Amino acid sequence: MLDIVRAVPHGKVVTYGQVALMAGSPRAARQVGAVLHGIRNSEDDVPWQRVINASGGISTFKVGSGELQVALLKAEGVEVGHGGEGLGPQVDLKAYQWRPDLESDG
DNA sequence: ACGTTGACGTCAG
DNA sequence: TCTGACGCCAACG
């Protein structure tokens, strides 16, 4: 599980479902978030910041660490904007969602 | 050790 | 296309 998140390249992002799918359980998206929520910053080796929801939105924004994640992503060159007025930040999956099949930027 | 909660995603109507 | 219900399982009380 964490190994998958570790495999996320710099400047790219992945969705919970994607990580869950790679983990072997396409329905265990929640588990992914649960684990990431468990490690938070305990594991600097795990770029949990590069993990977002299938909408490209930052769920952590309502958890408290959203500001940190947004800052970290932007620090990597990932463009983070607003999906809508009142909603949290959002990332363009079309441009930043990591695709392991491509094994490249894409 | 048991039960409830939760950083989500997919199937069905 | 939008809404409703279920599944997964680690962390917390």
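Quick caveat, the model's predicted, so the values are computed rather than measured. Protein chains get the first letters and strands the later ones, always in sequence-line order, with residue 1 at the start of each.
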Between A/Gln69 (side chain) and A/Gln49 (backbone), is there a donor-acceptor pair under 3.5 Å? yes
For A/Phe61 against A/Gly88, the heavy-atom pair lying closest together: CD2-CA, 3.8 Å
I'd like to check the side chain to side chain contact (heavy atoms under 4.5 Å, CB included) partners of A/Ser25; sequence neighbours left out, ordered by chain and number. A/Ala28
Give the first and the last nucleotide of DNA chain C, reading 5' to 3', that has any atom under 4.0 Å from a heavy atom of chain A. C/dG7 to C/dA10
Smallest heavy-atom separation, A/Val80 atom then A/Lys74 atom, equals CG2-CG, 3.8 Å
For DNA chain B, write out the stems as range with range, using runs of 3 or more consecutive Watson-Crick or G-U pairs with both distances under 3.5 Å. B:2-6 with C:9-13, B:8-13 with C:2-7
Please identify each residue that fulfils side chain to side chain contact (heavy atoms under 4.5 Å, CB included) with A/Ala23, with sequence neighbours left out. A/Met1, A/Ile4
Hydrophobic cluster membership, A/Leu36 vs A/Leu68, 4.5 Å side-chain cutoff: yes
Anything under 4.0 Å to a heavy atom of chain A counts; send over the first and last such nucleotide of DNA chain B, read 5' to 3'. B/dG6 to B/dC11
Heavy-atom nearest pair, A/Asn53 first then A/Leu93, reads O-CD1, 4.4 Å
Quick check on contacts: within residues 21-33 of chain A, what sits under 4.0 Å from DNA chain B by heavy-atom distance? A/Arg27, A/Ala29, A/Arg30, A/Gly33
In the single-linkage hydrophobic clustering (I, L, V, M, F, W, Y; side-chain heavy atoms under 4.5 Å), do A/Val51 and A/Leu21 co-cluster? no
Starting from A/Ile39, can I reach A/Met22 by hopping between I/L/V/M/F/W/Y residues whose side chains sit under 4.5 Å apart? yes
Can you name the closest pair of heavy atoms from A/Ala54 and A/Thr15 and give their distance? CA-CG2, 3.8 Å
With a 4.5 Å limit on heavy-atom distance, are the side chains of A/Asp45 and A/Arg6 in contact? yes
What pairs with A/Val8 under side chain to side chain contact (heavy atoms under 4.5 Å, CB included), at least two apart in sequence or on another chain? A/Val14, A/Arg50, A/Trp98
